[in-house]
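First up is the structure itself, then whatever we jot down about it.
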Amino acid sequence: MALRTFGALALSVSAASAFQGTSPLFLMSTSNGLSDFNAASGQLTSSSHASQAVEKFLSNCPSDSYVVVNQPGVTAEDFSTNWAAPILGQSLKGSQDDARIASSGSIREVVGGSDAESIVAYVEKQCKATRMHVDASSGYISLDDATPRVIKLDFTAPPTSLDERASALTENDAFLAALMKSVREGSYSVVYATTPPSEKQMPPPKQQHPMKGYEMDEQFPAGYKTEMKRDLTASRGNATADVALFEKYMFLSPGIFMGLSVTILLFLILYVGISAVAGLEVSYFAFTKEMGPAAQKKQQ
């Protein structure tokens, strides 16, 4: 059950960490005891509650080898992409070459982080395990054959640069995969404990969807008319797809409105002129020539 549901939990944490001062915690094992851990842990818990949940899982000593990873200076955002720790993510999902991983679990936000040293000390005392240490900075793995054994793997905090940070986590992931191959002869459990970064270790905030383009001294030069400016709101997707028809389209622009107003005014002037000419009343005799005595006197 946990193996099927963990595909969406393993490394698909939120793209932005919901709380500051928190870091994730990952577990996987060849035994089936992590179902109770997933039910009791939740996605936001304190450091003490997370330690109790881990110790409850390890109290029965279910494995021959225990790998406890100490990864300082990380947040849930560092594991939000599949390429941040791909081998770890595939192992947690059960899709890695070792199909014996029967259960896995995670806590997305542990307030204050997890203490790897206390987990190692608990396994050493509870399971009478032999303590071993592996330093990732040397790149050399040397283990004894004694079992049960608890192996502490110490990583350094990743750099603050986003590119270098992702590269460092990928290298740590490859080193952990090499260590896991050396303990696959018997049963094993992996506890990936992390601590949140300090103020000096905090990475810069990510810029989502940066917009780059040609920069002009003036976005719209003064010589251009207002009507010639490009409508930048047309490329904002289908935000107005569900609005009313008359709100989505402009059927009466300022130019059309002024043209209609002038046309109506000209038609009114033409109508008044034609009506005035048509209303003239002149007698037909006004256009005839006088032939009587009065006309002859006028001529003299």
Side-chain angles (χ1 to χ4, degrees), residues 1-7 9-11 23-41 45 47 49-71 79 85 87-108 110 113-134 136 141 143-155 172-195:
M1 178 65 69
L3 189 60
R4 292 194 298 268
T5 58
F6 191 74
L9 284 176
L11 295 178
S23 61
L25 173 66
F26 304 111
L27 288 89
M28 56 185 172
S29 177
T30 55
S31 64
N32 293 316
L34 283 174
S35 57
D36 296 335
F37 172 82
N38 290 324
S41 59
T45 185
S47 177
H49 187 272
S51 299
Q52 292 175 3
V54 174
E55 292 176 359
K56 182 179 180 181
F57 165 68
L58 298 175
S59 60
N60 296 326
C61 301
S63 305
D64 296 330
S65 300
Y66 303 90
V67 179
V68 181
V69 181
N70 179 29
Q71 175 61 74
F79 299 91
I87 302 177
L88 174 64
Q90 293 176 7
S91 299
L92 291 170
K93 296 176 184 178
S95 58
Q96 193 62 12
D97 53 356
D98 188 3
R100 295 183 304 150
I101 298 178
S103 60
S104 57
S106 68
I107 303 177
R108 194 178 73 179
V110 178
S114 305
D115 187 5
E117 180 61 30
S118 63
I119 297 175
V120 172
Y122 177 81
V123 176
E124 188 178 7
K125 179 180 179 181
Q126 180 71 17
C127 302
K128 304 298 186 292
T130 303
R131 183 188 182 105
M132 301 179 186
H133 181 263
V134 175
I141 300 175
L143 300 175
D144 296 335
D145 296 332
T147 56
R149 56 186 175 180
V150 53
I151 307 166
K152 184 182 180 184
L153 175 59
D154 288 319
F155 289 136
N172 294 345
D173 183 57
F175 191 89
L176 175 61
L179 177 60
M180 290 173 58
K181 288 183 180 179
S182 62
V183 299
R184 286 180 180 176
E185 291 79 7
S187 60
Y188 64 92
S189 298
V190 178
V191 181
Y192 199 100
T194 64
T195 56

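As the structure is a computational prediction, the values presented were derived from the model and not from experiment.
- When atom types are taken as modelled, the side chain of Ser106 and the backbone of Leu25 share no donor-acceptor pair closer than 3.5 angstrom.
- Taking the side chain as every heavy atom from C-beta outward, Phe175 and Val134 approach each other to under 4.5 Å.
- The shortest distance between side-chain heavy atoms of Cys61 and Gln126 falls below 4.5 Å.
- With a 4.5 Å cut-off on side-chain heavy atoms, Arg131 and Val120 count as touching.
- The side-chain heavy atoms of Met180 and Ser91, taken from C-beta on, include a pair separated by under 4.5 Å.
- The CG atom of Asn172 sits 11.5 Å away from the CD1 atom of Ile87 when rounded to the nearest 0.5 Å.
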### Query
So Thr130 and Arg149, side-chain hydrogen bond (donor to acceptor under 3.5 Å, both in side chains) or not? Walk me through it.
CA-CA 4 Å; Thr130 303; Arg149 56 186 175 180; over 6 Å; no
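- To the nearest 0.5 Å, the span separating CZ on Phe26 from CG on Leu88 amounts to 6.5 Å.
- Within the 3.5 Å criterion, the main-chain N or O of Asp64 finds a donor-acceptor partner in the side chain of Ser187.
- Not a single donor-acceptor pair under 3.5 Å links the side chain of Thr30 to the backbone N or O of Ile101.
- Relative orientation of the Phe155 and Tyr192 rings is tilted, given thresholds of 30° and 60° on the angle between their planes.
- Checking side-chain atoms of Asp115 against main-chain N and O of Glu117 turns up a donor-acceptor pair under 3.5 Å.
- Under the 4.5 Å side-chain criterion, counting only non-hydrogen atoms from C-beta, Leu153 is in contact with Leu176.
- Shown here for Lys181 and Glu185, the closest heavy-atom pair between the two residues is O-OE2, 4.3 Å.
- Nearest heavy atom pair, residue Leu143 against residue Ser182, reads CD1-OG, 3.5 Å.
- Residues Ser29 and Ser31 bring a donor and an acceptor atom of their side chains to less than 3.5 Å of each other.
- Classification of Glu55 and Lys125 as a salt-bridged pair fails, no side-chain N sitting under 4.0 Å from a carboxylate O.
- Here CG of Leu27 is found 9.0 Å from OG of Ser104. Values are rounded to the nearest 0.5 Å.
- Taking 4.5 Å as the limit, some side-chain heavy atom of Phe79 sits within range of a side-chain heavy atom of Pro24.
- Within the 4.5 Å cutoff, side-chain heavy atoms of Val67 are placed close to those of Leu179.
- Counting heavy atoms from C-beta on, the side chains of His133 and Asp154 come closer than 4.5 Å.
- Residues passing the side-chain contact (heavy atoms from CB on, under 4.5 Å) test with Ser59, sequence neighbours excluded: Tyr122.
- Taking all atoms of both residues into account, the shortest heavy-atom contact from Gly105 to Leu34 is N-CD1, 3.9 Å.
- Between the SG atom of Cys127 and the CG atom of Leu58 there is a distance of 6.5 Å, given to the nearest 0.5 Å.
- Between the CG atom of Asn70 and the OG atom of Ser114 there is a distance of 10.0 Å, given to the nearest 0.5 Å.
- Expressed to the nearest 0.5 Å, how far OG of Ser47 lies from CD of Gln52 amounts to 10.0 Å.
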